[in-house]
Structures are given as C-alpha cells and as structure tokens.
> 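One structure is given below, represented as structure tokens, and several questions about it will come after.
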Amino acid sequence: MAGAVEIKTASPNVTRRNFDPTAVVPEPLPPVVTAANGEDAGVDKLDKKSREILLGKNVHTTCFAVTEPEANDEFTGDKEAYMAGVLARYRKSLMERTKHHLGYPYNLDFDYGALAQLQHFSINNLGDPFIESNYGVHSRQFEVGVLDWFARLWEIEKNDYWGYITNCGTEGNLHGILVGREVFPDGILYASRESHYSVFKAARMYRMECVKVDTLISGEIDCADFRAKLLANKSKPAIINVNIGTTVKGAVDDLDLVIQTLEGCGFSRDRFYIHCDGALFGLMMPFVKRAPKVSFKKPIGSVSVSGHKFVGCPMPCGVQITRMEHVNALSSNVEYLASRDATIMGSRNGHAPIFLWYTLNRKGYNGFAKEVQKCLRNAHYLKDQLRAAGIGAMLNELSSTVVFERPRDEDFVRRWQLACEGNIAHVVVMPSVSIEKLDVFLNEIVKNRSTWYQEKQPPCIAADIGKENCACPLHK
C-alpha cells in the first residue's frame with residue numbers, strides 16, 4: 001500500500017510509560033474471548049451472546065479513591081500534593097488516549113484557554129432561555145446568540161423559532177420527539193432501524209407506539225418499507241425521526257423523499273411531524289454540495305445537533321430548535337423560577353453556550369466549510385488506503401464515517417477506541433484527525449492483520465457494506 005505502511009508507529013506500551021502504579025491503577029484491557037476448545041474465538045466466531053454487556057460483570061476496575069483528609073493535612077499540604085500528582089498523571093493518560101482516538105465523533109482540536117477565567121462561576125441557564133429568571137448568574141445572552149446562528153443556518157426567522165442549549169444530543173432527540181408527541185398525542189413514531197438508541201429510548205419513556213423502518217445497505221431509511229408501514233397505519237398521525245447521519249454508517253436519510261412519501265400516502269402537512277436528528281452531520285451537511293438541505297422552509301418540526309462533536313466543545317452539549325407554535329404545547333409557567341418550563345432538564349450548563357459562542361465567532365460559516373471539506377478528503381483517503389490494503393471498506397457519499405471489517409484483536413479495538421457493531425467497525429474522520437494520524441492507524445492495522453489471518457480468510461461483510469465494498473475472497 002502506497003504511503004501508509006512505511007510509517008513507523010509508537011510502541012503499544014507507551015500508555016503506561018512513566019506512570020506510578022501506586023498512584024494510578026491502569027485500566028485492564030478486556031480479556032480475549034476463547035472458544036470451547038481453548039482456541040482464540042476470533043471476531044468472526046463471536047456470537048451475539050458473547051458480546052453482551054452484563055450489569056455487575058462489565059464494570060470499571062479503575063478507581064481513584066476518595067480518602068478523608070488527616071488533621072494535619074491543612075498544614076503539610078500532603079493531600080494537595082497527592083491530588084496534584086493524580087491529576088497530572090491523569091492528564092498524561094488523556095493526552096495518550098487522545099492520540100489514539102478514531103472511533104467516536106468528537107472533534108478534539110480546540111483551545112478554550114481564554115475561557116478559563118469563567119470557571120470560578122456557577123453559571124446555570126435554568127428555565128426558558130428567552131425569559132429572564134430571578135437567578136442572575138446565567139449566560140442566556142450567549143445562548144440566544146448561538147440559537148440565532150443555528151436558526152439562520154436552518155432558515156427560520158427569529159420570531160418563528162424556539163430552542164435551547166441541551167446537555168447532550170440525546171436530550172435534543174428526547175425534546176424533539178416529545179414536541180411531536182404533544183402535537184399529535186395519538187401519533188405513531190417512525191424511525192429507521194439504524195436510528196440512534198435515544199430515539200427508541202424516547203418511545204419507551206413516552207409510551208409511544210414505535211414502528212421500526214428497514215434500511216438500505218447504506219444505512220439510509222428504506223422509503224419503500226416506510227410507505228408500506230405508513231399505509232398500514234393511515235388512521236393515525238405520523239411522527240418521524242429523520243437521520244442526518246446514522247450512528248454506525250453515517251448514512252443521511254433523504255429528507256425530501258421522506259416528505260414525498262408522506263404526502264404520497266395521503267398525509268397532509270397537518271398530520272405529520274418530522275424531527276431531524278443531526279447529532280454530527282447536522283452541522284456538516286449545509287457545507288456539502290449535493291447534500292439534501294435541512295431547512296425549516298420544508299415541513300419539519302425540529303432539528304437537533306450535538307455541540308461536543310463537530311463543533312468541538314469540551315463538555316457534552318447540544319442545540320435544539322423547533323417552531324414557536326409547537327413549543328407552546330408543552331410549556332408551563334413556573335413561579336419559583338419566574339420563567340417558563342419548556343425544556344427536558346431543569347438546571348442547564350451555562351458554560352456550554354459560552355464555549356459554543358466562542359467557537360462560532362472564531363470559525364464562522366467559512367471556517368466550518370473548510371473543516372468539512374478537510375474531513376471528507378481525509379475520509380476518502382482512509383477508505384482508499386484500506387481498500388488498497390485488501391480490507392473491505394465503505395464510505396457513504398455525504399459522510400466522513402468509514403466502515404470496515406471489525407479487527408479480530410480486541411486490544412487493537414480498545415487501543416484505537418473503535419466503535420464496533422457485529423462484524424464491522426468504523427472510524428469517524430473529524431477535524432482533529434490528520435493524515436498523519438490515519439497513516440499510523442493504517443500501518444498498525446495492516447501489520448496486525450497479517451497475523452490475524454495467517455491461516456484464515458478475512459470475514460465476508462457483504463451483508464453489512466455491500467458486495468462491491470467487501471474484500472473477502474468471494475467478492476474481491
């Protein structure tokens with residue numbers, strides 16, 4: 001393979017080098033799964049049961065114990081020195097794990113040193129961001145500025161939208177689907193099988209009838225199956241979750257086709273509600289040519305994105321925007337707050353809007369456009385290099401998520417923090433993922449793969465990524 005396999009990689013032992021084992025207990029890697037005959041089971045032989053996560057069994061073994069200070073600690077400073085040592089070593093471990101972070105959609109390239117001066121304040125944006133509360137230590141002026149920026153991005157006028165900064169992407173989905181349920185109390189929730197788990201969590205929490213729709217091999221919603229399931233339930237309104245980037249394959253549902261399918265099945269615009277889950281790609285799509293446009297000029301009800309993903313916020317957060325006419329269905333006045341309750345949570349992180357505001361001001365639309373193009377270029381590079389090395393790989397046209405065969409070695413998966421599902425794994429190429437970092441990964445996977453399959457053939461993953469993308473002997 002040209003370019004990638006010549007790169008020298010760091011020693012796998014680097015994560016524990018210079019660590020004091022008495023201060024920091026290293027987190028063990030998961031044990032290798034073995035077959036009944038004692039041989040390495042390998043990923044291709046792992047059944048569903050062997051991958052189950054069991055409460056009480058799959059637990060963290062690393063713990064920084066909390067100990068009570070001794071009486072003389074305030075004079076000797078021993079406790080402060082101990083804590084400083086633990087934190088210093090923890091910071092080193094974070095730096096190492098950041099170097100080998102590829103599987104999850106977080107942009108780790110940011111610098112918020114200018115905001116350190118605010119860490120001494122308890123900033124809480126409880127209540128409605130557009131209504132002044134009696135609690136004065138807040139950042140609503142930053143929050144509304146961020147919301148206005150996203151409202152312009154998704155083409156809705158200031159007076160027509162309502163929104164807030166959520167604590168995570170899941171909260172955005174919970175809120176969007178709740179609004180849909182309040183608008184249509186007897187509505188049925190439709191979501192593709194590859195929707196984020198929070199969508200199905202919302203259905204359980206709200207006790208909604210939920211219909212799972214099949215997907216294409218790309219991970220995109222299958223509108224033929226969607227049509228059939230809509231027609232089977234024509235008497236009830238439809239609440240639809242549209243994925244602007246699925247969790248595993250990064251597939252983008254065709255919003256226009258979803259709307260056409262609804263209208264073709266006889267659902268007028270007063271009988272359906274669309275929530276767009278744009279956790280990662282909701283901010284990327286506006287800067288991708290040929291991408292279906294997410295816009296409130298279309299009959300959608302709400303959009304949510306994560307702030308800690310493409311934007312690169314150091315704490316989990318998100319943005320949720322809906323139509324003003326809809327939010328009135330679930331809001332109520334709270335005298336204790338001197339505000340209106342229309343959010344999922346009560347207290348909300350007041351620091352997050354400031355971090356988002358800071359980044360939006362520094363980068364702007366043009367800065368994000370450049371980062372999107374960089375991610376797409378690097379994702380194509382990774383896909384092409386994997387294929388050149390004989391590794392099956394898939395990349396959706398509008399995505400920076402590269403899907404490939406799951407590595408056999410769970411230590412390798414853990415080292416690179418890969419997200420896996422069944423026989424496939426993925427790398428999400430973010431602004432913090434450089435060509436150099438990808439080359440190190442490529443060199444390691446090619447080198448290790450030669451030992452994983454010494455006497456065996458690579459698994460067939462055609463069912464997961466399509467025959468044209470599979471590199472097994474049958475589909476080469």
Side-chain angles (χ1 to χ4, degrees), residues 1 3-21 24-34 40-46 50-51 53 58-62 89-109 247-248 378-379 381-383 385-386 389-393 400-454 456 458-459 461:
M1 178 174 62
V5 294
E6 298 298 326
I7 295 173
K8 294 182 180 179
T9 59
S11 166
N13 296 321
V14 72
T15 54
R16 296 196 175 110
R17 189 169 56 195
N18 299 327
F19 271 63
D20 180 358
V24 179
V25 181
E27 187 172 346
L29 294 170
V32 175
V33 179
T34 56
D40 183 356
V43 172
D44 51 333
K45 292 184 180 180
L46 293 176
S50 67
R51 289 179 181 152
I53 298 174
N58 302 87
V59 295
H60 270 289
T61 56
T62 301
R89 290 172 173 81
Y90 175 61
R91 183 177 185 275
K92 286 184 179 180
S93 72
L94 290 179
M95 293 173 65
E96 175 57 33
R97 300 313 287 142
T98 296
K99 283 168 54 180
H100 298 93
H101 182 280
L102 285 179
Y104 294 88
Y106 306 131
N107 180 6
L108 306 180
D109 184 15
T247 307
V248 177
N378 290 356
Y381 173 81
L382 175 59
K383 179 205 67 175
Q385 294 290 65
L386 286 169
I391 302 173
S400 66
T401 299
V402 181
V403 184
F404 54 95
E405 66 183 47
R406 180 175 182 156
R408 283 176 57 88
D409 186 355
E410 293 300 312
D411 286 2
F412 182 88
V413 170
R414 181 71 173 274
R415 170 173 164 76
W416 284 100
Q417 301 165 67
L418 301 180
C420 302
E421 184 176 90
N423 291 320
I424 57 176
H426 77 207
V427 163
V428 184
V429 180
M430 300 298 286
S432 54
V433 177
S434 64
I435 290 291
E436 292 73 23
K437 187 172 186 176
L438 292 176
D439 279 339
V440 174
F441 169 75
L442 286 160
N443 187 56
E444 288 193 19
I445 194 172
V446 170
K447 180 180 177 181
N448 284 282
R449 195 168 179 269
S450 64
T451 62
W452 298 337
Y453 298 110
Q454 285 181 345
K456 299 178 182 178
I461 54 175

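Atoms considered below: every heavy atom in the structure, side chains included; atoms not considered: hydrogens, waters and symmetry mates. All residue numbers in this chain count up from 1 along the given sequence.
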> Going from CG on N378 to CG on L382, what distance comes out if it is rounded to the nearest 0.5 angstrom?
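Between N378 CG and L382 CG, I get 9.0 Å after rounding to 0.5 Å.
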> Between the main-chain N or O of W416 and the side-chain N or O of H101, is there a donor-acceptor pair closer than 3.5 Å?
no
> Give, for atom CG of L442 and atom CD1 of I391, the distance between the pair rounded to the nearest 0.5 Å.
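Answer for the CG-CD1 pair, L442 versus I391, is 7.5 Å.
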> Working note: I445 + W452, criterion side chain to side chain contact (heavy atoms under 4.5 Å, CB included); need CA distance, chi angles, decisive distance, verdict.
CA-CA 10 Å; I445 194 172; W452 298 337; 4.2 Å; yes
> Which atoms form the tightest heavy-atom contact between V446 and A389, and what is the distance?
CG2-CB, 3.7 Å
> Are the side chain of S400 and the backbone of V429 linked by a donor-acceptor contact shorter than 3.5 Å?
yes
> Rounded at 0.5 Å granularity, tell me how far OG1 in T451 sits from CZ in R449.
11.0 Å
> Is the shortest heavy-atom distance from the side chain of V427 to the side chain of F404 under 4.5 Å?
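SC-SC contact between V427 and F404 confirmed.
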> Under a 4.5 Å cut-off applied to non-hydrogen side-chain atoms, are L418 and P407 in contact?
yes
> So, do T98 and Y106 sit near enough that their side-chain heavy atoms are less than 4.5 Å apart?
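Result no, sub-4.5 Å side-chain heavy-atom pair not found.
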> Could you report the tightest heavy-atom contact between V413 and C420, atom names first, then the distance?
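Where V413 meets C420 most closely, the heavy atoms are CG1-SG, 3.7 Å.
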> Applying the side chain to side chain contact (heavy atoms under 4.5 Å, CB included) criterion to E410, which one of R406, R408, R414 satisfies it?
R406
> For F412 and F441, take the angle between the two ring planes, folded into 0 to 90°, and tell me which bin it lands in: parallel under 30, tilted 30 to 60, perpendicular over 60.
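Answer is tilted, since the angle falls between 30° and 60°.
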> Closest heavy-atom contact between G103 and V428?
O-CG2, 3.8 Å
> For the backbone of K92 and the side chain of R97, can you confirm whether one donor and one acceptor N or O come within less than 3.5 Å of each other?
no
> What's the spacing between H426 NE2 and Y104 OH if we round to 0.5 Å?
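Nearest 0.5 Å value for the NE2-OH distance: 7.0 Å.
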> With no hydrogens and no angle check, is any side-chain donor or acceptor of E405 less than 3.5 Å from a backbone partner on P459?
no
> Charged N to carboxylate O below 4.0 Å: is that the case for E444 and K447?
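Here E444 does not pair with K447 in a salt bridge, since their nearest N and O are not under 4.0 Å apart.
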> Just verifying a value: how many Å separate L438 CG and N443 CG, rounded to the nearest 0.5 Å?
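The distance works out to 12.5 Å.
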> Got K437 and L102 here, is their nearest side-chain heavy-atom distance under 4.5 Å?
yes
> Quick check: closest heavy atoms across V402 and A379, and the distance to 0.1 Å?
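Nearest heavy atoms, V402 then A379: CG2-O, 3.5 Å.
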